[in-house]
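From a predicted model like this one, the values you see are computed outputs, not experimental measurements.
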Amino acid sequence: MELSQKTIHEINELLKKKEVTVTEVTQSVINRIDAVEGSTDAYLRVQPEQALAMAKIVDDKLKARKKISPLEGIPYGLKDNLCTKGILTTCASKMLYNFVPPYNAHVYNLLIEEGGILLGKTNMDEFAMGSSTENSAYKVTKNPWDLNKVPGGSSGGSAVAVASDTAYYSLGSDTGGSIRQPASFCGVVGMKPTYGLVSRYGLVAFASSLDQIGPFTKDVEDCALVLNAIVGHDEKDSTSLKLEKKDYTKNLKQGVKGLRIGVAQAFFGEGLQPEVRKSLEDAIAVYKILGAEIVDVSFQYLDYALSAYYLISSAEASSNLARYDGIRYGFRAEEYDGLVDLYRKTRSQGFGEEVKRRIMLGTHALSSGYYDAYYKKAMQVRTLIKEDFDQVFKSCDVLLTPTSPTTAFGIGEKTNNPLEMYLTDIYTVPVNIAGIPGISIPCGLDQAGMPIGMQLLGPALSEKALLKAAWAFENETNIKNLKAPLGKEV
Amino acid sequence: MEYEIVIGMEIHVELGTKSKIFCSCPTEFGAEENTHTCPVCLGMPGVLPVLNEKVVEYATRAGLALGCEIAHYSKMDRKNYFYPDLPKAYQTSQFDLPICNGGVIEIEVDGIKKDVGITRIHIEEDAGKLLHESVDGTLVDVNRCGVPLIEIVSEPDMSSAEEARAFGEKVRNILEYTGVSDCKMQEGSMRFDVNLSMREKGATVLGTRTEMKNLNSFRALIRAVHYESKRQIIELKKGHVITQETRKWDDTKGTSSSLRSKEEAHDYRYFPEPDLVPIVIEADYIAKIKAALPELPEAKKQRYMDEYKLPEYDAGVLTATGILANFFEEAVGLYNEPKQISNWLMVEIPPLLKEKELCMENISITPLMLTELLKLVKDDTISGTSGKEVLKEMFSTGKNPGDIVKDKGLAQMSDTTELEAIIEKIVAANPKSVEDIGAGSDKAYGFLTGQVMKATKGQANPQVANEIIRAVVAKHLG
Amino acid sequence: MSLTREDVTYVANLARLEFSDDEVTALADQLGAVLDYAQTLSELDTSQVKATEHVLAMKNVFREDVVKPCLTNEEALANAPESEAGCFKVPRVME
């Protein structure tokens, strides 16, 4: 097995035993990038020289000591909406085609401290708006399981990098499923932590009350390791939680005996691909064998989550994206007549279609005469959905759902129908509305050989329980060994 | 038909915190353009605000000083609009749940007292500055972006320019006392917006109002109110209706012009700021701030009348600014002659300030220096007239009064032998005056005293001189 | 409750976006469809429901009033499309 195909914890073992060097590890991933990136287009930009230079520095440090932290010397990718000082950060938008931030995202600082090796910035839907990564202004990322299919989105590039072994892990952002849905489409592990657990400072805002940063990894143990590194209070983010540091790998392998796993009909409704349903039923059977207790639970307001989500997220986005005006940074239209025209031309030419659509939707939802009917209503429904989850988690510890109603769809298949595209997020958005954590792990393949993802949800700050349940499933099945066929071709 | 003016005011006050409201950039006035900025106040992608705790404290203090209720729960909101001086394209402000509600302060114009209600006070951030010095464009300086502001909104309780001015002055006075702002109008630390409408005298229904923005001095405030009320009366008399609009006051031209009408008014799309959490203020916090509030002008004035037995007028003048009041109190502490000190502060010092274009905060005279001077006058070391001269000298040189008296030889002559000799000469040289006195006219005494003062360059102690003159004249009349 | 072309134009102006006639029509349709879907929310009686502005029950997050280093003028302007005399530059603003 190539070094690039291994997991973080496997590489960490090898580095600990000094069987490999960080340079070898990094070179192996760079070779892999050279081999497959041309087919997948996971990255917007790769920085091999900088990565190798950093690898050398870490190697030198490691020579002198025995101890090594879990992410030290591990190459990774960052979604291009995470600010990197001195390194282009575009959000896959023409609007920020030349933007070089003079500051780092808090999570990037943490990974620098860990001694991580940044390989590059990954592709995404422009400003994280989309479910297929087709809304990138620069390239279309392909699903490594079938290059004619989308990787999901918006963090498609980050998912594909991990699925195609061009990064050991990557960070993405999840506003309505943007980590979990692409993780599911690409057959990797993806987690959206509890709102407030990971600092949003330096994450280019889409919808501030819903955005959360999280990891993509090859297995559940790696997910716990990355979480250990990125979770923590940050005084620069007012919504960052002040909690004691937890070790998410502790008791990870304890099993699920006695764990109450909830299953709700609301997540198995119309439009669910039969193979996804079947795969979830199989997963339930696995959990029963493992000694978990399966509990039927029900929701009252889940059907309203998607509407509430699109109104809230678009409203916040319309305000968050108003700062892109061609004055202080980024794109400015070449020709304009006066200030107002400068705004209009810059914004109309700099933003892609989907971004403009959301800005329009959000502006409308907040505008005079509509605020109560749309924005306020959505925020009230948010309360109902949150209470729904509170109620459900009284009778179960975690909730098992499909991540997405279907497996990855074809490139171009849904681009002309925004509403249909939005419907692919139907199982992921309630989680962001309620601010709770969710993890997507692979649970099978459909007949076409595309990965199916299942989602485990829990109450706020239940990450450990989710990881434990996810690990137990992963350990019991051979799902982890399924690799994107792209590996075989090259 | 007779009309009356109805005025409500919005006052923006920059709070005197060290750092900005949501980031750690300094608030200092007058820095080089765009050197007090960071990714947060530049509105760069992905940055987040964190509220400065002093802003909450100062707003609470201001609210209490202006008689407001402090809200237990308040929150920040976004006010969305595009303008080059607003980097995020939204101003972080407070919409429906401001930090303070419902205060009242008393104003006085021409001896008539009146209550003016305060509707609310909210916290917000200042915008940047546009500079119009480029030949082919406008330049943007972001330094002021994020300087903390409170906006004080009054009830439409004022009915003249003078009342509006009195309200503005009272608010400034109180805020300056509480130390939440330097209220320097010339630096834009305090700005007025005026909402003005006319109604038939005695009517209760309000007329259509216009809003005049950014009046940066009391002079501008008064002139703008005069201009706008006249303009509205003319319109009304012509039978026109007043359009609800925002108007801009041009202080150089002395006119106002329409900025935008209600129809074109912004749709600000206010919504709760998701990046900031609610502000919850508990009773003990309010109690603590209340306890630490300095004595406010109203109370101080009363105390001056009770404790120092000063007339109401004196007490009012002395408490008009915190600096003057502090100066006075320090002086009284050194020399317990309140009325004397008050007289000098009210009568002698203001003309000197005016002449040198100074204000109380940057004069070279200390309370100690003033009281020393007053003591010299009191114990007859110098005359009152010389005292004024010494004060002037103190003003320009900052020297001690004692030194000035010595340097200039201003000490009064109370040495009777020397004085007797001078008086002998003067009386001998003016037989006509002696005759007049002999004939029963006392007026000539005044003339002789004048001559003595002239001869001694004012250093003769007038009382002593008078006694000697009388004795010498009596001798001559024999 | 679909969206009219006038609604689209009004909102576009607020958002400082401009669209061709065809785009306006398309947006009226697409946004109209999303809004129609969102109409289901009106089925719910939320008159007694508080809005959730924050999923976290957080309050009073403040920073100390301390000054920290700023960006230099060069750093502040480094990304600006146009600048002059240490300032960002825009077309002349009529006040």
Name the option with the most non-hydrogen atom pairs under 4.5 Å to chain B; the candidates are [options].
{"options": "A:Gly202, A:Ser319, A:Pro102", "answer": "A:Ser319"}
{"options": "A:Ser208, A:Gly369, A:Cys91", "answer": "A:Ser208"}
{"options": "A:Leu82, A:Asn320, A:Leu210", "answer": "A:Asn320"}
{"options": "A:Tyr375, A:Tyr329, A:Phe99, A:Phe206", "answer": "A:Tyr329"}
{"options": "A:Glu316, A:Lys376, A:Met379", "answer": "A:Glu316"}

Would you say [atom1] of [X] has more than 12 non-hydrogen atoms from neighbouring residues, nucleotides or ligands within 6.0 angstrom?
{"X": "A:Asp337", "atom1": "CG", "value": "no"}
{"X": "A:Glu235", "atom1": "CD", "value": "no"}
{"X": "B:Glu282", "atom1": "CD", "value": "yes"}

What part of [X] gets closer than 4.5 Å to chain B, counting heavy atoms only: side chain, backbone, both or neither?
{"X": "A:Tyr195", "value": "side chain"}
{"X": "A:Leu96", "value": "side chain"}
{"X": "A:Leu203", "value": "backbone"}
{"X": "A:Leu342", "value": "neither"}

Could you give the distance from [atom1] ([X]) to [atom2] ([Y]), rounded to the nearest 0.5 Å?
{"X": "B:Phe271", "Y": "A:Ser318", "atom1": "CZ", "atom2": "OG", "result": "6.0 Å"}
{"X": "A:Tyr371", "Y": "B:Asp267", "atom1": "OH", "atom2": "CG", "result": "12.5 Å"}
{"X": "B:Tyr83", "Y": "A:Asp325", "atom1": "OH", "atom2": "CG", "result": "13.0 Å"}

By a 4.5 Å heavy-atom criterion (distance strictly below it), what part of B:Phe22 contacts chain A: side chain, backbone, both, or neither?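 Neither the backbone nor the side chain of B:Phe22 comes within 4.5 Å of chain A.
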
Give, as side chain, backbone, both or neither, the part of B:Asp275 having an atom under 4.5 angstrom from any heavy atom of chain A. both

For the candidates B:Val140, B:Leu51, B:Asn80, which exhibits the highest count of non-hydrogen atom pairs separated by less than 4.5 Å from chain A? B:Asn80

Given the rule in the side chain to side chain contact (heavy atoms under 4.5 Å, CB included) test, do A:Thr363 and B:Arg269 qualify, once you have shown the distances and angles that lead to the verdict? CA-CA 8 Å; A:Thr363 306; B:Arg269 290 156 286 136; 3.7 Å; yes

Among residues 33-48 of chain B, which ones touch chain A with a heavy-atom distance under 4.5 Å? B:Pro39, B:Val40, B:Leu42, B:Gly43, B:Met44, B:Pro45, B:Gly46, B:Val47, B:Leu48

